[in-house]
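Report on the following structure.
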Amino acid sequence: MEKIWLKSYAEGVPATVEFENLTLQQALSRTASRLPESPALLFQGKVITYQKLDELVSQFAGGLSYLGVQPGDRVALLMPNLAQTVVGIYGVFRIGAIAVPNNPLYTDREIEYQLHECGAKVVICLDTLVPRIVKMRDRLGLKGIVSCHIKDYLPFPLKQLFPFLKKDLHLKTPKESGVYEFMDLLKMTPVTENYKSDIHDTAVLIFTGGTTGVSKGVELTHRNLTANCQQAHAWCSDFVDGQEVALGCLPFFHSYGLTAAMNMSIYYGWQNVLIPKPEATAILEAVDKYKVTFIPGVPTLFNAMINHPNIHKYKLNTVKECLCAAAPLPLETIKGFEALTGILISEAYGLTETSPCTHAIPFGGKVKPGCIGLPIPNTEAKLVSVEDPSLEITECDVPGELCVKGPQVMKGYYNRPDETAEVLKDGWLHTGDVAVMDEEGYFTIVDRKKDMIITGGFNIYPREIDEILYTHPKILEACALGVPDRQSGERVKAFIVLKTDETATEEEIIVFCKERLAPYKAPKYVEFVDELPKSAVGKILRKDLRKPG
């Protein structure tokens with residue numbers, strides 16, 4: 001496919017970037033050397049400079065070495081966006097190990113599955129999660145559990161008051177073998193030299209539903225992640241090294257938050273305002289107080305901001321750019337945010353498998369609402385026939401499966417060569433999304449080849465919900481799918497056929513799922529039907545359930 005999109009690039013954006021061969025740990029060391037006194041992390045009034053962050057990373061790397069973590073070992077993190085999250089991840093990088101950020105909202109079943117899949121040696125988690133991890137420790141063969149407290153990096157007097165004011169968010173670490181305090185591990189002999197990772201070594205494993213529904217660990221290398229930082233920086237040509245203030249409200253266990261907030265900030269010496277719980281008031285207060293210049297977010301975040309009753313009380317005039325990804329951005333949100341703030345949100349597209357960004361609306365270029373924009377520098381894109389992927393589509397406005405190639409494309413799925421081969425072919429990642437390209441090179445997603453549900457920026461594979469529903473003793477058949485939702489993009493709806501002579505309520509089914517799934521995965525709606533539509537071979541036709549009526 002001809003790269004006609006290059007003609008639509010905004011002024012100053014290059015077609016290609018000459019990439020630096022830096023690993024993530026080297027990027028931190030360089031920034032700490034260049035900007036030692038510049039703020040790196042801002043948390044509830046606490047300021048950690050780049051020099052201090054680098055010291056903390058060295059100290060925690062020493063603690064991990066004390067626990068026996070070796071290069072290539074997997075270290076899992078179950079954390080919101082706290083100082084310890086950044087220190088933990090970069091401490092893992094410093095000794096050449098692999099970070100596995102996980103969602104702390106997951107149920108025990110989901111957490112144990114992913115920790116088992118990656119073979120985690122150590123788990124770093126919030127204190128409230130420690131008792132749950134202890135229960136699964138022996139089954140997983142964990143060598144250490146590291147407990148973190150929110151209060152540890154709060155300024156005085158919040159630090160002293162927090163355990164009394166927020167008892168439900170603070171637990172004392174149990175005094176038992178194999179459980180360690182994060183702060184105690186900082187007292188071990190520091191590791192000040194970066195492990196000499198190869199640029200193509202795996203840096204993180206992030207679990208995703210992928211294209212088949214089985215939760216898989218996506219291997220992202222140092223090259224994948226640092227290249228995507230450099231691609232994104234080239235796209236935002238008015239960003240200045242050492243001078244931007246990024247809003248760290250997207251979770252760092254999500255590839256979008258990992259790259260757009262945490263890694264980019266460290267790579268370019270920006271300040272990162274940590275928001276553990278992304279609520280509208282906390283975000284608006286942070287933007288006003290810390291003079292935020294860059295907001296990477298999801299539609300629900302921007303929706304919450306424009307619907308906040310006191311939005312006009314906050315100063316948002318320092319914001320240069322807003323980026324929205326992870327779910328389709330409604331046109332009314334774009335218009336509403338621009339009307340209230342004067343800021344145009346740029347929509348972007350990507351996958352966990354692409355570190356994540358591959359496409360974006362150009363800042364300073366033509367805006368086409370509803371589009372995912374243009375392929376970013378050093379990114380190739382093509383459309384292929386959904387029926388026959390060997391046939392490339394060259395005409396404009398003809399739908400086909402979107403395939404991408406570039407330095408941000410994953411190494412593969414961890415320990416799953418067959419599934420890697422299904423989506424990675426000659427360097428091209430087959431995304432499973434159906435798109436069209438117009439005559440100016442703008443791409444628009446028109447359908448999903450896969451049935452992934454996206455709610456609030458989180459990916460949910462309906463098969464996982466189906467499997468839980470089928471364990472209910474009253475259910476004969478079940479099928480989950482996504483239905484449009486103004487706030488979250490999509491919500492889960494379950495269609496259910498009950499067994500003969502059984503009765504059940506919508507609430508009963510929802511509670512059953514909430515006990516076994518993360519809250520955002522549980523159905524919001526339940527519809528009882530007499531039968532589910534099926535193909536001639538008995539396959540449930542999910543697409544037919546989406547049809548009105």
Worksheet item: Please walk me through it: do R109 and E464 pass salt bridge (charged side-chain N to carboxylate O under 4.0 Å, His left out)?
Response: CA-CA 12 Å; R109 181 186 67 86; E464 183 180 13; 3.3 Å; yes
Worksheet item: In chain order, what residues pass the side chain to side chain contact (heavy atoms under 4.5 Å, CB included) check against T221, with sequence neighbours excluded?
Response: R223, N224, K411
Fill in: Sidechain-backbone polar pair: T259 side chain, Y256 backbone, donor-acceptor under 3.5 Å
no
Worksheet item: With no hydrogens and no angle check, is any side-chain donor or acceptor of D426 less than 3.5 Å from a backbone partner on W428?
Response: no
Practice prompt. Would you tell me whether E20 and Y267 have side-chain atoms, one donor and one acceptor, within less than 3.5 Å of each other?
Written response: yes
Item to complete: Show your reasoning for whether side-chain contact (heavy atoms from CB on, under 4.5 Å) applies to V146 and C125.
Response: CA-CA 6 Å; V146 182; C125 63; over 6 Å; no
Worksheet item: Between the side chains of T173 and E181, is a donor N or O closer than 3.5 angstrom to an acceptor N or O?
Response: yes
Worksheet entry | C322 SG to L247 CG distance, which is reported to the nearest 0.5 Å | 9.5 Å
Worksheet entry | Q231-T379 side chain donor-acceptor pair, cut-off 3.5 Å | yes
Worksheet item: Does N228 use its side chain to pair, donor to acceptor, with the backbone of C357 at less than 3.5 Å?
Response: yes
Worksheet item: For I89 and A99, which heavy atoms make the closest approach, and how far apart are they?
Response: CG2-CB, 4.2 Å
Fill in: Test applied, side-chain contact (heavy atoms from CB on, under 4.5 Å); reference residue, V404; option that passes from E380, E353, H359
H359
Worksheet entry | Residue pair L274, L42: steps toward the side-chain contact (heavy atoms from CB on, under 4.5 Å) verdict | CA-CA 6 Å; L274 303 179; L42 306 172; over 6 Å; no
Worksheet entry | CG-CZ distance between L186 and F60, expressed to the nearest 0.5 angstrom | 7.5 Å
Discussion item. For E467, is the CD atom crowded, meaning more than 12 foreign heavy atoms sit under 6.0 Å from it?
Written reply: yes
Item to complete: Please test E347 against I361 for side-chain contact (heavy atoms from CB on, under 4.5 Å), starting from the C-alpha separation and ending with a verdict.
Response: CA-CA 6 Å; E347 188 163 6; I361 295 288; 4.2 Å; yes
Practice prompt. Apply ring-ring contact (aromatic ring centres under 6.0 Å, His included) to F43 and list each qualifying residue two or more places apart in sequence or on a separate chain.
Written response: none
Practice prompt. Provide the full list of side-chain hydrogen bond (donor to acceptor under 3.5 Å, both in side chains) pairs with a residue in residues 63-72, sequence neighbours left out, each pair given once.
Written response: none
Practice prompt. Decide side-chain contact (heavy atoms from CB on, under 4.5 Å) for M79 and C148; before the verdict, give the C-alpha distance in whole Å, the side-chain angles of both, and the deciding distance to 0.1 Å.
Written response: CA-CA 9 Å; M79 299 280 288; C148 303; 3.7 Å; yes
Discussion item. Keeping N194 on the side-chain end and K196 on the backbone end, is there a donor-acceptor pair under 3.5 Å?
Written reply: no
Fill in: Pairing of E110 and K521 as salt bridge, 4.0 angstrom limit
yes
Discussion item. With no hydrogens and no angle check, just 3.5 Å: does a side-chain donor-acceptor pair link Q26 and T23?
Written reply: yes
Item to complete: Would you check if I283 and I295 make a side-chain contact, meaning some heavy-atom pair closer than 4.5 Å?
Response: no
Worksheet, complete the sentence: CG (L351) and CD (Q408) are apart, to the nearest 0.5 Å, by 10.0 Å
Item to complete: Apply ring-ring contact (aromatic ring centres under 6.0 Å, His included) to F93 and list each qualifying residue two or more places apart in sequence or on a separate chain.
Response: Y90, H222
Fill in: Lys/Arg-Asp/Glu bridge criterion (N-O < 4.0 Å) met for K315, D288
no
Fill in: Smallest separation among heavy atoms of F294 and A260, with atom names
CE2-O, 3.5 Å
Discussion item. As a test of understanding, state which of Q243, E321, E244 forms a side chain to side chain donor-acceptor pair (under 3.5 Å) with T293.
Written reply: E244
Fill in: Main-chain N/O of Q25 paired with S29 side-chain donor or acceptor, under 3.5 Å
yes
Enumerate, atom names and distances included, each donor-acceptor pair closer than 3.5 Å involving a side-chain atom of residues 115-123, sequence neighbours excluded.
| from | atom 1 | to | atom 2 | distance (Å) |
| --- | --- | --- | --- | --- |
| E117 | OE1 | R416 | NH2 | 3.0 |
| K121 | NZ | G68 | O | 2.9 |
| K121 | NZ | D73 | OD2 | 3.3 |

Fill in: Salt-bridge present (E176, R137; N to O < 4.0 Å)
yes
Practice prompt. Look at the side chain of S488 and the backbone N and O of T455, then say whether any donor-acceptor pair between them is shorter than 3.5 Å.
Written response: no
Worksheet item: Say you draw a straight line from CD1 of I124 to CG of L64; how long is it, rounded to the nearest 0.5 Å?
Response: 5.5 Å
Discussion item. I need the F207 CZ to Y113 OH distance, nearest 0.5 Å.
Written reply: 7.0 Å
Worksheet item: Can a donor-acceptor pair be found between the side chains of R34 and Y50 at a distance below 3.5 Å?
Response: no
Worksheet entry | L78 versus N103, closest heavy-atom pair with distance | CD2-O, 3.6 Å
Item to complete: Examine distances only and state if a side-chain atom of N81 and a backbone atom of L250 form a donor-acceptor pair shorter than 3.5 Å.
Response: yes
Practice prompt. Indicate yes or no: does D54 engage R94 in a salt bridge with an N to O separation below 4.0 Å.
Written response: yes
Worksheet item: Within 45° of the six-membered ring axis of Y413 and under 6.0 Å from that ring's centre, is NZ or CZ of K216 located there?
Response: yes
Item to complete: Can you measure from CG (L301) to CD1 (I275) and round to the nearest 0.5 angstrom?
Response: 9.5 Å
Worksheet item: Do you know which two heavy atoms are closest between P375 and A381, and how far apart they sit?
Response: CG-CB, 3.9 Å
Worksheet entry | Pairing residues for H233 by the ring-ring contact (aromatic ring centres under 6.0 Å, His included) criterion, not counting sequence neighbours | Y268
Worksheet item: Hey, which of I98, L225, V409, L205 is the one that makes side-chain contact (heavy atoms from CB on, under 4.5 Å) with L220?
Response: L225
Discussion item. Taking NZ in K320 as the centre, count heavy atoms belonging to other residues, nucleotides or ligands within less than 6.0 Å. Is the count above 12?
Written reply: yes
Discussion item. Give me the atom names and distance for the closest heavy-atom approach of V298 to A326.
Written reply: CG1-CB, 3.8 Å
Worksheet item: Between T202 and V204, is there a donor-acceptor pair closer than 3.5 Å when you use the side chain of the first and the backbone of the second?
Response: no
Discussion item. If you compare all heavy atoms of M305 against all heavy atoms of L284, which two are closest, and at what distance to 0.1 Å?
Written reply: CE-CD2, 3.7 Å
Discussion item. I'd like to know if the side chain of R516 reaches the main chain of K514, judged simply by a donor and an acceptor atom lying under 3.5 Å from each other, with no hydrogens or angles considered.
Written reply: no
